[in-house]
Amino acid sequence: MGRVIHFEIQATQPQELVDFYTALLGWKFGKWGGPNAPAMGQPVNRFVCTIETPSLDEHLDQGAMLGGTVVVPKMPVPGVGWIGYLKDPDAS
């Protein structure tokens with residue numbers, strides 16, 4: 001099976017989300033030098049990106065403090081662990 005090698009997060013305010021995900025998850029971002037696709041302000045899709053974390057509680061709380069919204073609180077996934085859903089500040 002193929003692995004994810006790239007993903008995009010559609011945003012109306014890209015720098016705000018760079019700041020959000022850097023503070024929340026320690027992600028680093030690089031600006032692609034090619035043309036914008038799709039055109040600025042024309043989001044294509046939203047998707048769920050599941051991320052492993054050593055503390056779901058801490059990341060949900062931190063995400064909310066950074067302007068995100070907890071839309072599904074922490075809940076058990078039998079035989080797997082725990083899951084919760086956090087919308088970033090740009091999600092509509």
Side-chain angles (χ1 to χ4, degrees):
M1 175 177 272
R3 64 184 177 89
V4 176
I5 60 167
H6 170 85
F7 67 90
E8 298 175 19
I9 299 173
Q10 305 296 317
T12 57
Q13 300 293 324
Q15 189 58 53
E16 288 182 16
L17 289 191
V18 166
D19 296 343
F20 176 79
Y21 285 110
T22 298
L24 180 62
L25 301 171
W27 287 357
K28 301 209 182 317
F29 292 82
K31 183 161 176 61
W32 181 50
N36 289 327
M40 292 298 289
Q42 301 296 318
V44 174
N45 192 12
R46 287 297 225 184
F47 67 96
V48 173
C49 185
T50 303
I51 302 162
E52 180 180 20
T53 175
S55 176
L56 177 58
D57 293 318
E58 287 180 22
H59 273 109
L60 290 175
D61 290 346
Q62 183 182 14
M65 287 189 302
L66 292 168
T69 304
V70 177
V71 293
V72 176
K74 179 180 173 181
M75 64 181 184
V77 178
V80 177
W82 298 89
I83 193 165
Y85 287 78
L86 175 72
K87 286 191 334 184
D88 67 41
D90 197 71
S92 52

Compare all side-chain heavy atoms of [X] with those of [Y] and state whether any distance is below 4.5 angstrom.
X   : Y   : result
V18 : Q15 : yes
D88 : L66 : no
P73 : L60 : no
K28 : T22 : no

*Got a sec, which residues hit side-chain contact (heavy atoms from CB on, under 4.5 Å) with L25, two or more places apart in sequence or on another chain?*
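Result, side-chain contact (heavy atoms from CB on, under 4.5 Å) vs L25: Y21, W27, I51, H59.
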*Could you pull out all residues at least two apart from V80 that satisfy side-chain contact (heavy atoms from CB on, under 4.5 Å)?*
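Only V77 meet the side-chain contact (heavy atoms from CB on, under 4.5 Å) criterion with V80.
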*Shortest non-hydrogen contact between P89 and L17, atoms and distance*: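 Taking every non-hydrogen atom into account, CD-CD2, 3.7 Å.
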*What distance do L24 atom CG and M65 atom CE have between them, rounded to the nearest 0.5 Å?*
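Those atoms lie 9.5 Å apart.
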*Quick one: CD1 on I83 to CG on L56, what's the gap to the nearest 0.5 Å?*
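Nearest 0.5 Å value for the CD1-CG distance: 8.5 Å.
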*Is a side-chain donor or acceptor of T53 paired with a backbone partner of S55 at a separation under 3.5 angstrom?*
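Here the side-chain-to-backbone pair exists.
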*Short question: side chain of Q62, backbone of A23 - any donor-acceptor pair under 3.5 Å?*
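Yes; judged by distance alone, with no hydrogens or angles, the pair exists.
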*Tell me, which pairs form a salt bridge (charged side-chain N to carboxylate O under 4.0 Å, His left out) where one or both residues lie in residues 14-27, sequence neighbours left out?*
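For residues 14-27, and leaving out neighbouring residues, there are no salt bridge (charged side-chain N to carboxylate O under 4.0 Å, His left out) pairs at all.
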*asked:* Considering only residues two or more places apart or on different chains, which pairs with a residue in residues 64-79 satisfy salt bridge (charged side-chain N to carboxylate O under 4.0 Å, His left out)?
replied: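 Of all non-adjacent pairs touching residues 64-79, those that pass salt bridge (charged side-chain N to carboxylate O under 4.0 Å, His left out) are D57-K74.
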